[in-house]
Structures are given as structure tokens and as C-alpha cells.
Q: 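Structure in C-alpha cells, see below.
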Amino acid sequence: AGVSGRYLLSVEIGELNTSQLSHIKDSPFLLTVQPGRSDPDTSILSMDNDGLGVAGRPLLARLQTRDFHQNVRYQGGDEIIAHLFAVETPSEKYRCQVDDDDSGTYLIECPSQWKEGSYLLDVSIESSAGNAEPLKFGPFHVTVFPGHAVASTTSVVSGGTSIIADSGIPSVHFIGDAGVWGSFVVSTKDIFGNFLTTGGNNFVTRVVDNDEAEVHVIDQENGDYIVAYKVNE
């Protein structure tokens with residue numbers, strides 16, 4: 001049978017399609033058909049958030065094994081090999097951890113990637129001959145996005161002059177005319193230095209010791225913010 005499950009196996013004496021058929025003792029018998037070995041062409045991989053990750057967080061995926069006839073397997077024991085690698089550097093592969101809970105489903109956890117960009121997840125099932133057989137439709141695409149903006153990496157990228165402050169710490173110097181609007185651009189980054197490509201962050205801005213000054217932040221919705229300021233006469 002191609003479909004796993006529980007069946008009745010009948011053994012009778014007599015001629016088929018006649019009233020003379022009689023079951024032998026204990027017939028019909030219970031027949032249990034178990035799934036075959038895991039097949040890489042029918043097993044199904046599902047990734048959390050459809051393969052959309054965030055820098056600094058591990059990538060999670062689940063593999064549901066099936067046999068050649070697409071019967072779902074409910075036992076573990078397979079050797080699953082999984083690697084994650086960046087599209088730009090395919091030779092640098094990161095081994096993923098595979099947990100077997102003996103249910104036919106395997107949890108795959110790949111190490112955190114700190115650089116945003118495009119990655120590929122390659123998953124294989126080891127055959128009885130010891131060969132790694134890749135899943136059909138693999139490798140699977142993964143996109144890692146920047147994390148949330150943090151102040152320690154966010155900086156001014158234009159509109160000012162880099163200086164070393166009296167304290168010896170690098171800073172930025174702005175030169176403006178009284179009563180005239182000036183501006184500079186702040187570019188947001190996550191804790192790993194990845195540039196954000198979306199807006200929505202909140203900034204608190206002011207000119208210290210000048211309550212008459214005006215400062216406005218304009219969200220460009222691409223990770224950049226224009227800070228416009230005017231110090232009145």
C-alpha cells in the first residue's frame with residue numbers, strides 16, 4: 001500500500017464473488033502500514049516569518065519529514081544537515097543546530113547573523129548510503145533585516161564638520177546664521193552597524209540654554225532624518 005495507516009487483511013477460502021467464501025480463523029487481520037524512509041523530495045521545510053530574519057536573532061525553521069509516497073512520518077532518527085550562508089560569501093557556511101524530538105519533525109536553529117542581507121539555508125537528509133541528499137527546491141532564501149535603531153551607532157552623515165571636542169571625544173560642529181534655518185542629516189543604525197531602511201523613530205531635539213530656538217525632525221522614511229534648526233536673534 002502506498003498510503004500508510006491501519007488496514008484489514010482478509011484471508012478467505014473459496015471462489016471469488018461467490019457465496020462459498022469463508023474467513024480462515026481470526027480473519028480479517030489487522031495490518032499496519034508504516035511510512036517509508038524520509039524522502040528529501042517530499043519532506044517539507046517551513047521557516048518562521050517566511051524566512052525574514054532580524055540581525056542578532058537566530059533563524060528558526062521546521063522540517064516535516066515524509067516518505068516517497070508523501071506519508072507523514074511520526075518517528076525521528078534521521079540525520080539532518082543544515083547550513084546557513086550569505087549569498088555574497090557562499091564558502092563561509094554556518095552549521096545550524098538540529099533538534100530531533102522523535103516525532104518526524106525537526107527544529108532547525110541557525111546562528112544569529114549580524115550583517116543584514118541575503119542568505120541561503122541548505123538542508124539535507126542523509127541517505128541509508130551515507131550521502132547528504134538536499135531537499136527539493138533548496139537552498140531556501142533568507143533575508144536578514146537590520147534591528148532597531150540605537151543611539152550608540154546612529155550618527156550625523158551630512159551637514160556638519162567632524163571635530164574633536166575639548167574633552168577629546170569626537171563630535172560634530174555646526175555653523176549657522178542667526179534667524180536662518182540650517183539642517184543636517186542623521187542616519188540610523190542598529191547595534192551591529194547596519195543602516196536602517198525604514199523610519200518611525202522618535203527623536204527629542206533642542207538647543208541647550210536657548211528656549212527661543214526652533215528644531216524640527218523630518219522623517220525621510222528610509223532610515224534618514226533631516227534635523228532643521230533655527231536660532232532666532
Side-chain angles (χ1 to χ4, degrees), residues 1-54 57-113 117-145:
V3 180
S4 62
R6 305 184 78 181
Y7 297 84
L8 291 177
L9 176 59
S10 174
V11 179
E12 300 172 273
I13 295 177
E15 296 293 331
L16 186 63
N17 299 323
T18 71
S19 60
Q20 303 303 314
L21 282 174
S22 298
H23 286 278
I24 69 171
K25 184 179 180 180
D26 297 327
S27 175
F29 308 102
L30 178 63
L31 171 64
T32 300
V33 178
Q34 297 180 337
R37 77 172 190 86
S38 298
D39 191 301
D41 288 341
T42 59
S43 297
I44 297 176
L45 183 79
S46 59
M47 290 186 285
D48 283 10
N49 298 318
D50 295 324
L52 302 180
V54 177
R57 300 180 189 174
L59 173 73
L60 299 178
R62 288 169 178 80
L63 175 64
Q64 174 61 70
T65 52
R66 297 171 181 255
D67 69 7
F68 176 79
H69 299 287
Q70 300 193 33
N71 295 304
V72 175
R73 286 179 49 82
Y74 296 101
Q75 290 182 332
D78 290 302
E79 181 66 26
I80 308 298
I81 305 100
H83 291 93
L84 183 69
F85 57 93
V87 172
E88 295 179 351
T89 54
S91 61
E92 298 178 7
K93 295 187 176 182
Y94 304 90
R95 184 72 179 258
C96 303
Q97 178 180 333
V98 180
D99 290 330
D100 180 0
D101 64 2
D102 201 30
S103 68
T105 300
Y106 298 81
L107 176 63
I108 300 172
E109 181 174 337
C110 297
S112 302
Q113 300 302 305
S118 297
Y119 293 80
L120 292 173
L121 174 60
D122 187 25
V123 180
S124 299
I125 301 176
E126 187 174 290
S127 69
S128 56
N131 300 317
E133 300 179 343
L135 297 186
K136 190 176 183 180
F137 305 122
F140 302 89
H141 290 276
V142 174
T143 302
V144 175
F145 291 98

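Since this is a predicted model, take the numbers as computed values, not measurements.
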Q: What do the steps show when you test L59 against L84 for side-chain contact (heavy atoms from CB on, under 4.5 Å), and what is the final call?
A: CA-CA 9 Å; L59 173 73; L84 183 69; 4.3 Å; yes
Q: Between V87 and Y119, does the side-chain contact (heavy atoms from CB on, under 4.5 Å) criterion hold? Intermediate values first, please.
A: CA-CA 5 Å; V87 172; Y119 293 80; 5.7 Å; no
Q: Can a donor-acceptor pair be found between the side chains of Q97 and D99 at a distance below 3.5 Å?
A: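 Yes, a side-chain donor-acceptor pair sits under 3.5 Å.
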Q: Counting N and O atoms only, with roles assigned by atom type, does the side chain of D100 sit under 3.5 Å from a partner on the main chain of D102, one being a donor and the other an acceptor?
A: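 Checked: pair present.
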Q: Mind checking the CG-CD1 spacing from L45 to I108? Nearest 0.5 Å is all I need.
A: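 Reported value, rounded in 0.5 Å steps: 5.5 Å.
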Q: Does the side chain of C110 come within less than 4.5 Å of L121's, by heavy atoms?
A: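 In contact.
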Q: So, do L30 and R6 sit near enough that their side-chain heavy atoms are less than 4.5 Å apart?
A: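 Of all side-chain heavy-atom pairs linking R6 with L30, at least one is under 4.5 Å.
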Q: Give a yes or no on whether a salt bridge exists between R62 and D48, defined as a side-chain N under 4.0 angstrom from a carboxylate O.
A: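 Yes.
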Q: So if I apply the side chain to side chain contact (heavy atoms under 4.5 Å, CB included) rule between H141 and each of L52, D50, L120, which one comes out positive?
A: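 The passing option is L120.
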Q: Is a side-chain donor or acceptor of D67 paired with a backbone partner of H69 at a separation under 3.5 angstrom?
A: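 Side chain of D67 to backbone of H69, a donor-acceptor pair under 3.5 Å: yes, one is there.
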Q: State, yes or no, whether a side-chain contact exists between F85 and E92 at a heavy-atom distance under 4.5 Å.
A: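 Not in contact.
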Q: Begin with the C-alpha distance, continue with both residues' side-chain angles, and end with the deciding distance and a verdict on side-chain contact (heavy atoms from CB on, under 4.5 Å) for L63 and S43.
A: CA-CA 7 Å; L63 175 64; S43 297; 4.0 Å; yes
Q: Looking at every heavy atom in both P111 and R95, which two are closest together, and how far apart are they?
A: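 Result for this residue pair: CD-O, 3.6 Å.
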Q: Under a 4.0 Å threshold between the charged nitrogen and the carboxylate oxygen, would E12 count as salt-bridged to K25?
A: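 Looking at K25 and E12, the cut-off is not met.
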Q: Quick one: closest heavy-atom pair of E133 and S127, and the distance?
A: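 Shortest heavy-atom separation between E133 and S127 comes out as OE2-CB, 3.4 Å.
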Q: May I ask you to test the V123-I81 pair for a side-chain heavy-atom distance under 4.5 Å?
A: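 V123 does not reach I81 side chain to side chain.
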Q: Would the distance check show the side chain of S27 and the main-chain N or O of V11 forming a donor-acceptor pair, the cut-off being under 3.5 Å?
A: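 Yes, because the side chain of S27 sits within donor-acceptor range (under 3.5 Å) of the backbone of V11.
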Q: Taking atom types as modelled, find out whether T105 and Q64 have a side-chain donor-acceptor pair closer than 3.5 angstrom.
A: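 Distance-only check passes for T105 and Q64.
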Q: Please tell me if the side chains of S124 and P40 come closer than 4.5 Å, counting only heavy atoms from C-beta onward.
A: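 Result no, sub-4.5 Å side-chain heavy-atom pair not found.
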Q: Does atom CZ (R57) have a neighbourhood of more than 12 heavy atoms from anything else shown, all under 6.0 Å?
A: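 At most 12 heavy atoms, drawn from other residues, nucleotides or ligands, come within 6.0 Å of this atom.
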Q: Any disulfide (SG to SG under 2.5 Å) involving residues 9-49? Give me the pairs, sequence neighbours left out, ordered by first then second residue.
A: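 Qualifying pairs: none.
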Q: What distance separates N71 CG from D39 CG, expressed to the nearest 0.5 Å?
A: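 Nearest 0.5 Å value for the CG-CG distance: 11.0 Å.
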Q: Atom CD1 in I125, atom CZ in R37: separation rounded to 0.5 Å?
A: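 Taking CD1 in I125 and CZ in R37, the distance rounds to 8.0 Å.
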Q: Return yes when atom CZ of F68 has more than 12 non-hydrogen atoms of other residues, nucleotides or ligands closer than 6.0 Å, and no otherwise.
A: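 It does not: F68 CZ has 12 such atoms or fewer within range.
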Q: Under the side-chain contact (heavy atoms from CB on, under 4.5 Å) rule, what do R73 and S38 come out as? Steps first, then yes or no, please.
A: CA-CA 7 Å; R73 286 179 49 82; S38 298; 2.9 Å; yes
Q: Above 12 or not: heavy atoms from other molecules or residues under 6.0 Å from CD1 of I13?
A: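 At most 12 heavy atoms, drawn from other residues, nucleotides or ligands, come within 6.0 Å of this atom.
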Q: Do S10 side-chain atoms and P28 backbone N/O form a donor-acceptor pair below 3.5 Å?
A: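 Answer holds: no.
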